[in-house]
Each structure stands twice: as C-alpha cells, then as structure tokens.
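First the structure, in the form of structure tokens, and then the observations on it.
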Amino acid sequence: MTRSTRPVFLNPMQIQLPVGALTSFVHRATGVLLAASIPFDVYLLDLSLRSEHAFAEMMALFHLPAVKGAAFVLIWALAHHVLAGIRHLLTDISIGSTLNAARRSAWLVNLGGVAIALFAAGVLL
C-alpha cells in the first residue's frame, strides 16, 4: 500500500495546547511586543521631558481611544511577561515544576496578567 501524498490541512484553531505551553508561547509573544514598542515608549518619554507644553501634548495623546487601547495591551503584555518570567525562573530552580503545580502556576500567570490589565484599565478610564 502506498501512502497518499496529499497535503495535510492543519487548522490551528483545532489544536488544544496545554495551559503551560500556551503561557510559554504568550510569554514569547509579549516579549516581542514589548521590544517592538520601545521606540514609541522612548518617544513618549522624550516628549514628556521636553517642556510643560510637550508634556501636555503627550497627555492629550492618552485621551485618544487608540492610544488608550495600545496602553492597555502593553500593560497586559508587561504584566503577563513579568509574571511568566518569574514562573519560568522558579521552575528553573525546581520550584513548582511538578505537573499539577506547573498547571496551577500557568493559570495564575494567565489570570493574573488579565487581572492587572483590567485594574489598569479601570485607572486609565
């Protein structure tokens, strides 16, 4: 019997990753997002330090819905990245590396990042 050489259709929406793998993947993605945002962050810092007028301009940017949304996403990314980084450091020294503890800590990282972002959204809005 010969095998068919037809391509296999891979649907990423049907793949069910374990929570730890999802947390690890999102940790990497948030790192890329945070690194990509550095030029914009430095621009805002520079603008805020130039003068009182420039600071007022920078603060006016934060009244725009798109900037508020971007700030919310970056706050979530930072919260998730820091929490996942701590989780990874702890598992590197064999703290929380059993299967149940690793699953529990992955859920805590995912939910903790969202909780911090929602708290920040409450402050921003």
Side-chain angles (χ1 to χ4, degrees):
M1 234 184 219
T2 61
R3 286 191 147 184
S4 173
T5 58
R6 293 179 53 200
V8 175
F9 175 71
L10 179 64
N11 185 354
M13 300 308 287
Q14 291 180 342
I15 297 174
Q16 294 183 353
L17 292 174
V19 69
L22 180 65
T23 303
S24 181
F25 174 77
V26 174
H27 176 71
R28 291 183 176 120
T30 56
V32 170
L33 179 64
L34 290 169
S37 74
I38 288 174
F40 183 67
D41 299 338
V42 169
Y43 168 74
L44 289 179
L45 178 64
D46 177 57
L47 192 60
S48 71
L49 296 175
R50 275 189 209 157
S51 66
E52 287 183 37
H53 178 69
F55 180 79
E57 284 181 33
M58 189 267 311
M59 290 304 292
L61 286 175
F62 280 94
H63 291 292
L64 299 173
V67 176
K68 281 185 181 182
F72 175 75
V73 169
L74 289 175
I75 290 168
W76 165 78
L78 180 62
H80 187 280
H81 195 75
V82 168
L83 293 173
I86 292 168
R87 176 181 179 265
H88 284 296
L89 288 173
L90 290 174
T91 57
D92 284 346
I93 57 173
S94 298
I95 296 175
S97 56
T98 64
L99 184 59
N100 286 335
R103 283 183 182 153
R104 194 170 35 253
S105 67
W107 277 109
L108 286 172
V109 165
N110 294 337
L111 296 175
V114 170
I116 291 170
L118 289 175
F119 176 75
V123 172
L124 287 175
L125 301 175

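Side-chain atoms are counted along with the backbone in the values below, which use heavy atoms only and exclude waters and symmetry mates. FYI, the numbering just counts along the sequence from 1. Just so we're clear, the structure is a prediction, and the values are computed from it rather than from any experiment.
- For the residue pair Thr23 and Ala84, the shortest heavy atom distance occurs at CG2-CB, 4.4 Å.
- Checking each of Leu47, Val67, Leu45 against Met58 for a side chain to side chain contact (heavy atoms under 4.5 Å, CB included) leaves exactly one that passes, namely Leu47.
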What side-chain donor-acceptor pairs closer than 3.5 Å can you find for residues 111-121, not counting sequence neighbours?
none

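- The hydrophobic clustering, which links ILVMFWY residues whose side-chain heavy atoms are closer than 4.5 Å, places Ile38 and Leu61 apart.
- Under the 4.5 Å side-chain heavy-atom criterion for ILVMFWY residues, a single connected hydrophobic cluster contains both Met59 and Tyr43.
- The minimum heavy-atom distance between Pro39 and Ala36, with the atom names listed, is CD-O, 3.3 Å.
- A distance of 10.5 Å separates NE2 of His81 from CZ of Arg28, quoted to the nearest 0.5 Å.
- Counting only distance, with no hydrogens or angles, the side chain of Arg87 and the backbone of Ser24 share no donor-acceptor pair below 3.5 Å.
- By the side chain to side chain contact (heavy atoms under 4.5 Å, CB included) test, Ala77 is found to be paired with Thr30, Leu33, Leu34, residues two or more places apart in sequence or in another chain being considered.
- Residues Ile86 and Ile93 fall within the same hydrophobic cluster, defined by Ile, Leu, Val, Met, Phe, Trp and Tyr side chains chained together at heavy-atom separations under 4.5 Å.
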Fill in: Working for side chain to side chain contact (heavy atoms under 4.5 Å, CB included), residues Asp41 and Leu74
CA-CA 10 Å; Asp41 299 338; Leu74 289 175; 4.1 Å; yes

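- Residues Ala71 and Phe62 share a closest heavy-atom pair of CB-CE2, 4.1 Å.
- A continuous path of Ile, Leu, Val, Met, Phe, Trp and Tyr side chains, each step under 4.5 Å between heavy atoms, connects Ile95 with Val82, placing both in one hydrophobic cluster.
- Shown here are the side-chain hydrogen bond (donor to acceptor under 3.5 Å, both in side chains) partners of Arg50, two or more places apart in sequence or in another chain: Asp46.
- In this pair, His88 and His27 present their aromatic rings tilted. The plane angle is within the 30 to 60° band.
- Leu78 and Phe40 fall into different hydrophobic clusters, where Ile, Leu, Val, Met, Phe, Trp and Tyr side chains are chained together by heavy-atom contacts under 4.5 Å.
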